[in-house]
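Here's the structure, in structure tokens; my notes come after.
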Amino acid sequence: MNRAVREAFVRLYTEGLIYRDTRLIHWDCEAQTVLSNLEVDNEPAKGELFEFAYAIEGGGEIIVATTRPETMLGDTAVAVHPDDPRYKPHHGKYVTHPFVDRRIPIITDAELVDPKFGTGAVKVTPAHDFNDFATGKRHKLEELNILNLDGTMNALCGQFAGLDRFVARKAVKKALEEKGLVRGTKPHDLVLPRSQRNGSVVEPLISTQWFVRTKPLAEPALAAVREGKTVIIPEEWAKTYEHWMSNILDWCISRQLWWGHRIPAFYCDACAGHVTVTNADGEVPCEKCGGKTRQDEDVLDTWFSSGLWPFSTLGWPDQTDSLKKFYPASDLETGYDILFFWVARMMMMGIHFMGEPPFKRILLHGMVVDETGDKMSKVKGNVIDPLDLIHGASFDSVVEKTLPGAPREESLKKFKKAYPSASQMGTGFAAYGADALRFTLSTYSPQSKRIPLSPKKIEGYRNFMNKIWNATRFALGYLEGARVSTDPPTATLLPNRWILSRLRATTDLVRKGIDEFRIDDAALGAYHFFWGELCDWFLELTKPIFAARPDSPAEADETRDVLAYVLEASMRLLHPMIPFITEELWQRLPRPESSPVSLALAAFPDASTGRDDPAADRDMSILQAVIGAGRSIRSEHDIHPGAEVPLVLRSGVPEVRAVLTTESRSLQFLVKTKGAPVIEESGGPRPRGAVMHMAADTEVLVALQGLVDPAHEAARVERELKKVDKDIAAIEKKLSLPAFADKAPPEVVKEAKDQLEALKRKRTGLEDAKGIAGELAS
RNA sequence: GGGCGGGUAGCUCAGCGGUAGAGCGUCGGUUUUACACACCGAUGGUCGCAGGUUCGAUCCCUGUCCCGCCCACCA
């Protein structure tokens, strides 16, 4: 690593892309090191605009405004706008400094001065302000550094020397006051630059540092993304990348810290400080005189070496096999907050040293924040250790970890404010497990900048883990003797055909989600399949089939094999999101003979998994709708869940009657009917005193004579009729517009017509239901 | 000051041209022999506001109001 860093430095230096220069930099007075502009946070603050007067030689005064009075000790000019009539008489004159022996010129500068701001006259401190520095360069002003590296005033400051900068600010104001030069103070909003390391106010300071010339490196990095050689996902970030790369400033890479890679630059005192830059080990002789040298004390910015990571980790600068094989990498997955710090630098360095970008795709995910969306930080008391969510922890211990020794009550208050859902969860986190946490994180949309960690959500997915466990445990009781191969088993029964079809569709969906980095789609698709389809419907439908094994063993065998196959494939499907539980269960499940020893090594389900069956999908949706209607009737009329009810199903569609007849046993079990449901063609005489729902072109009738409040039922039907009428009106209106039939695609028009027909049939049924409801009373 | 993103059910968020979805929550019911960390049923939305394009807009365009983030040297 060290070798790679030195090699990179020397090459960039030789190519003229690294240079040493004296310029204004960001200085952290507390850590006593230079910072790059990325390491400085600008924070809004309330301050004041302080006005004081400089006496003009030959009489009069000129008033300047400043937010940092102490910097007047380093003033080397007063600038006014060239066209400002107020100051025209003073052009070319000098003012005298009240505290130090210095004549200061009044200069004109249209770039620096906004005549409308403050007094229209600006004090110029080239050594301590970025604007003033540029102005100083334009006017060849003297750059007077007035600060020591620890933030105290230096010897140039006369009576103020040795004072801390903030103490000096007050002292200067007081001294000006005593001299009668203060002209006013008003509140002023300003932006304070603060160090990301320690929060201290950063001072602009003149200093000699090492820089990377970034423009030549940024251009190819920019081009790589523009040309699609590297794709940034989500693509919104490409714009941010573009913007930053296009406006990039030279990168200050030296740091005055004691940890880090030392800069491989060696100075020769004999040759007036001549610099030898080399990657040689040991004593480095001066390249000019061969004499002794001393190495630069500074170290490199940590992101300099990190920028080399895609190839330095593979053995670079040696042409290793790994380097040939693994560079460039396919995907980088990281948080968006280090897009500039790390990703951009890897792109620049990678392209420069390796000739091509280090990644094909860059996926940027959001930052994990607290439930209210705030960044986790110790001061906010909203930090959660992921291990506490995995293993469980009391809230007391969670806050103690974040704010050791702080008053418990106050810490808990902060914590509960940051995690509203946790405050309703008792006294701590249960042990949700690594799978639940992992699955939860995978359900957040990657487009979101924030991942608000919600304990309640993790709890919900912990329940899913539990569901997987229980469902499999239940199934294992029926899987004795199951035959599982890599091909889907033969299926003749509707539930079996249907679940294989759903497995097929879900496999596509999950694969697509993973391929497109929509892990949330993959995770939620698999969740819905397993819980909403496999558990809620398929497992329930297998129960009557297994129960009927003595009468029809072939059907039970088929179902057993399908169940085994679907579960085995489901484990493989869920494994990327839920590695531990699926491995454990998979080991217990019957699986194909060719399977490897571990699920982690097994093939991910592909297009050969499951079997498309549109007819089964359609028939199943009929069955589900009818069962749903039956259950609704039961629930709405407070039928005890244990009670069996007589069920009559009437439909004018032969195909529907066929499905319902075949699935008679399913209907009996899931609606809990008294005997097999009666299935007949609509139009004949209706049973008296029944409640009727319309579902899937079927009249679902439950005879409840005497058990139901007729008014209540009539109101329900009335409500539904109203809704259907509204829908019918909307579609009829649409169809009546000539423009719709003319311009809309034919399939859309047909769909609307079909919908209208279905609604009309439903309406007829509801009219009947109204009549039936009337009979309930009698 | 510049740039980017967002405002959809009580909450957190998906959807982004063909009559609105999930989880959590809420309400009612159930110890139905995998699971009460469960099951069944129900409730819930003028898709920020105003215009425009279109046969049709939550989805596209313009304007507007809020919210968040990033970048930036106004004394």
Side-chain angles (χ1 to χ4, degrees), chain A residues 24 37-38 42 49-51 64-68 71 79 112-114 117-125 129-135 188 190-191 193 204 234 236-237 239-240 242-244 247 249 336-337 339-340 367 371-373 420-421 424 430 432 436 443-445 447-450 452 454 456-457 459-478 518 520-521 524 527-528 532 535-536 539-540 543 628 631-636 638-642 669-670 672 726-727 730-731 734 737-745 747-749 751-752 755:
Chain A
L24 207 55
N37 53 337
L38 280 184
N42 293 306
L49 202 55
F50 177 80
E51 294 180 356
V64 295
T66 180
T67 54
R68 293 190 298 156
T71 61
L112 176 72
V113 183
D114 173 1
F117 188 90
T119 61
V122 185
K123 59 188 275 306
V124 184
T125 323
D129 182 280
F130 286 92
N131 279 315
D132 295 2
F133 183 77
T135 307
H188 182 63
L190 66 154
V191 175
E236 290 89 66
W237 287 111
K239 289 181 201 160
T240 309
E242 166 98 24
H243 186 252
W244 188 77
N247 297 293
L249 300 172
Y336 75 83
D337 52 320
L339 175 62
F340 304 143
M367 248 199 291
E371 202 168 6
T372 66
S421 78
Q424 298 151 4
Y432 301 125
T443 63
Y444 287 91
S445 163
Q447 271 139 245
S448 170
K449 279 190 183 179
R450 297 179 169 286
S454 163
K456 194 72 189 163
K457 197 161 174 167
E459 187 184 71
Y461 288 121
R462 182 275 316 263
N463 295 350
F464 180 46
M465 303 305 128
N466 197 239
K467 189 77 178 175
I468 296 170
W469 184 266
N470 280 316
T472 309
R473 209 164 49 105
F474 162 78
L476 280 168
Y478 295 97
R518 287 302 304 255
D520 55 329
D521 283 349
L524 293 173
Y527 172 93
H528 177 254
C535 292
D536 289 348
L539 287 184
E540 292 306 314
K543 287 175 182 175
R631 284 170 166 177
S632 286
I633 294 172
R634 297 186 58 116
S635 181
E636 279 168 14
D638 294 326
I639 307 302
H640 190 274
F669 181 75
L670 291 181
K672 201 148 181 84
K726 198 180 141 203
D727 290 348
I731 296 182
K734 185 154 79 170
L737 293 170
F740 178 70
D742 291 348
K743 299 196 178 173
E747 60 269 24
V748 173
V749 177
E751 202 184 314
Q755 274 174 2

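Residue numbering restarts at 1 for every chain, and letters A, B, ... go by the order of the sequence lines.
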Worked verdict on Thr66(A) versus Leu49(A) for side-chain contact (heavy atoms from CB on, under 4.5 Å)
CA-CA 5 Å; Thr66(A) 180; Leu49(A) 202 55; 5.9 Å; no
Starting at the 5' end of RNA chain B and moving along, which residue's nearest nucleotide shows up first, Gly460(A) or Gly642(A)?
Gly460(A)
Tell me which of Ala65(A) and Glu371(A) sits closer to the 5' end of RNA chain B, going by the nucleotide each one is nearest to.
Glu371(A)
Just to confirm, is there a sub-4.0 Å distance from OP1 or OP2 of [N] to any side-chain nitrogen or oxygen of [X]?
X         : N      : answer
Asn37(A)  : A72(B) : yes
Asn247(A) : C71(B) : no
Arg518(A) : G15(B) : yes
Lys543(A) : U32(B) : no
Ser632(A) : A42(B) : yes

Examine Lys543(A) relative to Phe474(A) and say whether NZ or CZ is less than 6.0 Å from the centre of the six-membered ring and inside a 45° cone about the ring axis.
yes
When you measure from the side chain of [X] to the backbone of [Y], do you find a donor-acceptor pair of N or O atoms at a distance under 3.5 Å?
X         : Y         : answer
Arg634(A) : His640(A) : yes
Tyr444(A) : Pro452(A) : yes
Arg462(A) : Ala436(A) : no
Glu371(A) : Ser421(A) : yes

Arg68(A) vs Thr125(A), side-chain contact (heavy atoms from CB on, under 4.5 Å): CA-CA, chis, key distance, verdict:
CA-CA 10 Å; Arg68(A) 293 190 298 156; Thr125(A) 323; over 6 Å; no
Base, sugar-phosphate, or nothing: which does [X] touch, judged by heavy atoms less than 4.0 Å apart?
X         : result
Gln755(A) : base
Leu112(A) : base
Pro204(A) : nothing

Say you pick atom [atom1] in [N] and the same atom in [M]; how far apart are they, in whole Å?
N      : M      : atom1 : answer
A38(B) : C24(B) : C1'   : 16 Å
C74(B) : A20(B) : P     : 49 Å
G21(B) : G15(B) : C1'   : 7 Å
G17(B) : U12(B) : P     : 26 Å
U8(B)  : C49(B) : C1'   : 15 Å
C67(B) : G25(B) : P     : 31 Å
G45(B) : G3(B)  : C1'   : 33 Å
G44(B) : A36(B) : P     : 31 Å

Whole-Å distance separating the [atom1] atom of [X] from the [atom2] atom of [N]:
X         : N      : atom1 : atom2 : answer
Trp469(A) : A38(B) : CH2   : P     : 17 Å
Leu524(A) : C24(B) : CG    : P     : 12 Å
His528(A) : G21(B) : NE2   : P     : 12 Å
Arg450(A) : U12(B) : CZ    : C1'   : 14 Å
Glu540(A) : C35(B) : CD    : P     : 11 Å
Asp742(A) : G18(B) : CG    : P     : 21 Å
Asn466(A) : C35(B) : CG    : P     : 11 Å
His640(A) : G41(B) : NE2   : C1'   : 15 Å

Watson-Crick or G-U wobble partner of [N], both distances under 3.5 Å:
N      : answer
C74(B) : none
A38(B) : U30(B)
U58(B) : none
C4(B)  : G68(B)

Of all the nucleotides listed ([options]), which has the minimum atom distance to the side chain of [X]?
X         : options                : result
Asp536(A) : U32(B), C39(B), A34(B) : C39(B)
Pro452(A) : U30(B), C13(B), A38(B) : C13(B)
Ala739(A) : C55(B), G23(B), U32(B) : C55(B)
Phe340(A) : C13(B), A34(B), C71(B) : C71(B)
Lys456(A) : C71(B), G25(B), A34(B) : G25(B)
Ser635(A) : A34(B), A72(B), G41(B) : G41(B)

Is the base of C40(B) touched by the side chain of Arg631(A) through a donor-acceptor pair closer than 3.5 angstrom?
no
Is it true that Lys239(A) and Glu242(A) have a side-chain N and a carboxylate O under 4.0 angstrom from each other?
no
Starting at the 5' end of nucleotides 3-8 of chain B, put B wherever the base has a protein heavy atom under 4.0 Å, S where only the sugar-phosphate does, and a dash everywhere else.
--S---
Here the pair of heavy atoms bringing Ala65(A) nearest to Glu51(A) is CB-CG, 3.8 Å
Do the rings of Phe340(A) and Trp244(A) sit parallel, tilted or perpendicular, given the 30° and 60° boundaries?
parallel
